[in-house]
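Take a look at the structure below.
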Amino acid sequence: MACTNIMIVGVGGQGTLLASKMLGRVLLDQGWDVKVSEVHGMSQRGGSVVTYVRFGDRVFSPVIDRGEADVILSFEQLEAARWLEYLKPGGKIVTNLQKIEPMPVITGSAAYPDALVDKMRAAGADVEAGDYLALAVKAGSAKAVNMVLMGRLSALFPEIPEEDWLSALEAVVPARFLEMNRAAFAAGRNA
Amino acid sequence: MKELMLGNKAVARGLYEAGCRFISSYPGTPSTEITEEAAAYDEIYCEWAPNEKVALEAAHGASLGGARAACAMKHVGLNVAADPLFSISYQGLNAGLVICVADDPGMHSSQNEQDSRHYAAAAKVPMLEPSDSAEAVAFTKAAFELSERYSTPVFVKMCTRVAHSQSVVEPGERAEVPLVPYVKDPTKVMMTANSRAAHVRVENRTREMTVWAETCPYNRVEMGGRAIGVICDSTCYQYAREVFGDGASYLKIGLVYPLPEKLFLDFAAAVDRVIVLEELDPILEDHCRKLGIAVEGKSLFPLCGEFSQDLVRACLGLPVPSSASIDDPIPPRPPVMCAGCPHRGVFYTLKKHDCMVYGDIGCYTLGALAPLNSMDLNVCMGASCSGLHGFNKAIGSEAERRSVGVIGDSTFIHSGITGIIDIAYNMTNSTVIILDNSITGMTGHQQNPTTGKNLRGDPAGKVDLEALCRAVGFRRVRVADPYDLAAMDEAVTEELAAEEPSVIISRRPCVMIRGTVHKPPLTVDEDRCTGCRSCMKIGCPAISVADRKARIDATQCIGCGVCTQMCRFGALAEERS
Ligand SMILES: Cc1ncc(C[n+]2csc(CCOP(=O)(O)OP(=O)(O)O)c2C)c(N)n1
């Protein structure tokens with residue numbers, strides 16, 4: 001099987017690292033070779049962050065390049081647009097509708113583009129967009145938005161059993177937040 | 001059982017399985033997790049040293065004491081540890097000593113992208129370079145064996161992509177390696193006669209290792225199509241496999257120093273076109289040229305930055321996948337100081353004073369970005385103190401009244417102390433601000449000698465910064481609270497005016513560390529807010545202005561209150577009940 005490429009993008013501090021940890025586990029449990037690559041450090045201070053997840057019979061490069069991503073899972077609208085060119089023709093973007101203004105927008109030296117979802121669709125991308133932050137808040141905490149998005153992602157891979165996702169979730173989430181995160185995952189999966 | 005493991009964690013696993021007992025390191029992205037992950041094993045004593053030189057010396061001391069030992073650092077840390085490195089190479093060791101060094105091509109979190117492979121050649125210290133996590137475990141274990149067989153420290157060289165990628169590892173068992181008894185040996189004192197003999201030993205050892213390198217299992221030939229042969233190391237092997245698959249042949253170099261000769265010549269002879277794929281400097285390429293092999297390397301690929309499969313394709317003129325884009329410019333999203341970061345109040349104050357700010361390295365380097373824009377310079381750890389001293393000597397009192405050095409607590413311990421001694425001893429009226437946020441923030445919140453806790457978070461010795469500054473000759477040492485803008489302003493005004501050297505300790509714990517008290521988020525009184533944007537001058541990511549009113553993001557605001565001091569209308573306040 002050729003490699004499948006998933007990118008998880010967002011803003012440093014949004015919980016993308018935990019999401020990628022969970023995803024890596026699920027994929028390994030399916031018996032695939034897996035590589036997950038992300039950069040720790042400076043960018044985690046509110047900068048633009050990206051995780052590359054690749055799986056298949058044998059994975060070489062740990063990174064995904066322009067035009068190679070099957071799925072881009074975005075925690076924030078602008079970040080989806082930033083990484084759009086990484087999408088494979090025919091690939092899918094799942095994005096949270098949340099907007100987080102970057103500092104150049106806050107200080108007025110740049111503008112946050114409007115109607116990003118429409119523009120990405122006009123550029124030919126298959127975009128699924130939702131207010132996943134609201135689903136997380138409903139499940140118990142804005143911080144659980146990463147699990148709502150993992151729930152959405154899980155719905156794109158029907159061949160992977162739901163219990164594999166749930167056991168990976170249990171392995172990465174602290175016990176006292178388990179119920180809330182399960183609820184967030186379910187909300188995303190069924191959205 | 002198979003596990004998906006971060007490259008750095010895999011190095012830690014290798015250290016554990018090899019029976020390593022002692023690790024002393026200084027944090028630095030992308031090397032930090034090696035030591036943090038190793039600390040999870042009770043069998044390994046782990047510590048944060050004040051800097052990399054101390055870490056390497058301590059690890060070497062442990063090796064002389066008979067324990068398998070290691071240290072980890074980022075590429076620039078190796079500059080700091082270079083002094084002991086060169087002499088340890090001569091002196092040799094008792095139990096195995098492994099130096100893990102992590103480069104950062106692309107400078108994701110670094111101020112330069114120097115290539116550590118040069119150090120291996122310069123210090124004549126063997127270097128193994130894994131290309132994924134499984135190799136990181138295996139090579140780290142092998143490094144100890146090599147180290148003991150040839151009585152030399154051995155490098156395990158990582159780079160950001162290997163250090164921060166997870167790939168599949170099958171963990172093994174730990175080998176318990178008993179302490180090697182220490183025996184006094186008069187040739188171990190590095191004086192002229194001994195050092196001369198030691199140098200001969202080093203050259204002999206290198207020759208022996210070069211022979212071994214011809215057949216060692218860490219260099220590998222994979223024959224496929226013979227039109228192209230790729231010589232590569234580290235992640236470049238992965239990118240090359242991605243692009244050429246079985247259509248090319250590969251010489252994958254895992255032992256990057258010392259390099260074999262026949263292996264290169266034979267490989268080159270077996271293929272039509274030899275391409276060398278390596279990030280940063282042309283080290284494998286230069287080796288080929290020395291051997292008279294006609295290769296293409298840096299004539300095709302850049303000296304700067306990180307590679308990827310796309311870059312390889314583009315440089316070779318191969319087709320790259322097509323992709324979609326939109327016309328709107330996408331504003332960049334640079335990292336920012338966190339909401340409530342105590343560094344903010346200091347930089348706001350310095351901006352008001354329009355000072356020349358000689359900065360340093362840490363989260364506070366973000367003070368250079370808009371809207372604070374209050375850092376003129378930085379170079380390397382500690383230069384804020386010594387560099388400021390030289391600057392002030394050159395210009396004189398004109399500069400002394402309008403310049404400051406700004407340095408974090410961990411950076412100050414690392415290399416600032418000697419700099420402020422230069423100020424006190426050679427007497428400039430320099431003003432240094434120590435940003436004491438009680439943690440090593442930038443690299444992910446490690447303890448340091450000013451925090452009173454050790455790597456495991458247990459109580460430990462604690463440097464008294466005020467007493468230290470006084471002891472080296474500063475009479476003017478004062479503490480100010482960066483959340484209190486008036487007090488910070490007063491401190492800066494008075495110390496800049498003072499006719500003697502001074503230290504201001506800006507003291508407030510980092511908001512990201514456990515135990516720091518967060519107040520409830522502030523609220524905006526919309527009747528009072530005029531939309532004047534004064535509060536925006538501090539560049540807090542929790543504040544924005546929409547529809548001519550300030551907005552506070554309650555998920556980010558920790559109620560530090562700095563913005564309330566910016567507002568002339570009293571519009572920003574704690575929750576009114
Ligand atoms: C020689 C060297 N070693 C390590 C690093 C990595 N590094 C960058 S910033 C930093 C720590 C900064 O901590 P501190 O000075 O306390 O400032 P904070 O980030 O907490 O504001 C480290 C270790 C480096 N840049 N150079």
Side-chain angles (χ1 to χ4, degrees), chain A residues 11-13 20-21 24-25 27-28 33-48 52 59-68 78-79 81-82 84-89 100-114 116 119-120 122-125 142-143, chain B residues 2-4 6 29-30 32-33 106 108-110 132 160-162 164-168 235 237-242 306 308-311 313 320-338 363 366 369-371 442-444 533 536 539 541 543-545 553 555:
Chain A
V11 178
S20 65
K21 205 168 153 187
R25 257 174 192 273
L27 298 173
L28 190 67
D33 188 19
V34 183
K35 280 189 179 163
V36 176
S37 183
E38 58 216 346
V39 171
H40 307 178
M42 193 71 140
S43 53
Q44 294 297 327
R45 301 272 171 280
S48 170
Y52 305 110
V59 183
F60 288 103
S61 172
V63 301
I64 297 169
D65 245 316
R66 282 180 189 76
E68 290 184 349
L78 183 64
E79 294 310 311
R82 184 184 313 287
L84 171 65
E85 52 177 349
Y86 281 68
L87 196 68
K88 192 183 267 183
I100 301 176
E101 294 190 347
M103 197 48 74
V105 172
I106 291 180
T107 60
S109 70
Y112 196 109
D114 58 3
L116 279 172
K119 286 173 184 164
M120 288 190 285
K143 291 214 166 84
Chain B
K2 278 190 189 171
E3 202 179 309
L4 206 53
L6 194 69
T29 314
T32 312
E33 299 87 356
H108 296 279
S109 299
S110 302
D132 61 20
T160 300
R161 272 308 153 199
V162 179
H164 286 169
S165 293
Q166 301 169 46
S167 58
V168 180
T235 44
Y237 166 73
Q238 313 289 5
Y239 302 141
R241 292 282 335 198
E242 197 70 38
E306 197 177 32
S308 69
Q309 53 267 31
D310 223 25
L311 178 135
R313 284 186 199 110
V320 293
S322 64
S323 61
S325 63
I326 59 173
D327 294 334
D328 295 52
I330 305 291
R333 190 185 297 276
V336 287
M337 284 182 201
C338 306
C363 287
L366 296 170
L369 302 182
M442 182 82 268
T443 42
R533 304 180 72 94
M536 302 291 289
I543 310 176
S544 55
V545 173
D553 175 356
T555 64

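- Between chain B and the residues Leu78(A), Leu87(A), Thr107(A), the most heavy-atom pairs under 4.5 angstrom are made by Leu78(A).
- Both the backbone and the side chain of Ala123(A) come within contact range of chain B, each with at least one heavy atom under 4.5 Å from a heavy atom of that chain.
- When side chains are defined from C-beta on, Glu33(B) counts as touching Leu6(B), because their heavy atoms get closer than 4.5 Å.
- Here Ile100(A) is the residue among Leu27(A), Ile100(A), Ile64(A) with the most heavy-atom pairs under 4.5 Å with chain B.
- For the pair Leu4(B) and Val168(B), the minimum side-chain heavy-atom distance is below 4.5 Å.
- No donor-acceptor distance shorter than 3.5 angstrom exists from the side chain of Ser167(B) to the backbone of Asp132(B), with no hydrogens or angles considered.
- Looking at Ala125(A), neither its backbone nor its side chain comes within 4.5 Å of chain B, counting heavy atoms on both sides.
- Taking the side-chain hydrogen bond (donor to acceptor under 3.5 Å, both in side chains) definition, one finds that Glu3(B) meets it with nothing, sequence neighbours left out.
- Contact annotation for Ala111(A): only backbone heavy atoms (N, CA, C, O) come within less than 4.5 Å of a heavy atom of chain B.
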Residues 321-332 of chain B, side-chain donor-acceptor partners within the protein, below 3.5 Å, at least two apart:
residue, atom, partner, partner atom, Å
Ser323(B), OG, Glu85(A), O, 3.4
Asp328(B), OD1, Lys119(A), NZ, 3.3
Asp328(B), OD2, Lys119(A), NZ, 2.8

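- Contacts with chain B were tallied for Val63(A), Leu28(A), Val105(A); Val63(A) has the most, counting heavy-atom pairs under 4.5 Å.
- When each of Cys338(B), Ala370(B), Ser308(B), Ala240(B) is checked for heavy-atom pairs under 4.5 Å with chain A, Ser308(B) comes out on top.
- In this model, no donor atom of one side chain and acceptor atom of the other lie less than 3.5 Å apart for Ser109(B) and Thr29(B).
- By number of non-hydrogen pairs under 4.5 angstrom with chain B, the leading residue of Ala142(A), Gly108(A), Pro62(A) is Pro62(A).
- Heavy atoms of Pro30(B) lying under 4.5 Å from chain A are absent altogether.
- No side-chain heavy atom of Ser37(A) sits under 4.5 Å from any side-chain heavy atom of His164(B).
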Derivation of the side-chain hydrogen bond (donor to acceptor under 3.5 Å, both in side chains) call for Thr160(B) and Glu306(B): CA-CA 9 Å; Thr160(B) 300; Glu306(B) 197 177 32; 5.6 Å; no
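- With no hydrogens or angles considered, a side-chain donor-acceptor pair links Thr555(B) and Asp553(B) at under 3.5 Å.
- With respect to chain B, the highest number of heavy-atom pairs below 4.5 Å among Lys35(A), Lys143(A), Glu101(A) belongs to Lys35(A).
- Taking chain B as the reference chain and counting heavy-atom pairs below 4.5 Å, the highest number among Glu68(A), Lys88(A), Met120(A) is found for Glu68(A).
- Heavy atoms of Val34(A) lying under 4.5 Å from chain B belong to its backbone as well as its side chain.
- For a residue to count as touching a neighbouring chain, one of its non-hydrogen atoms must lie under 4.5 Å from one of that chain's; by this rule Leu369(B) does not touch chain A.
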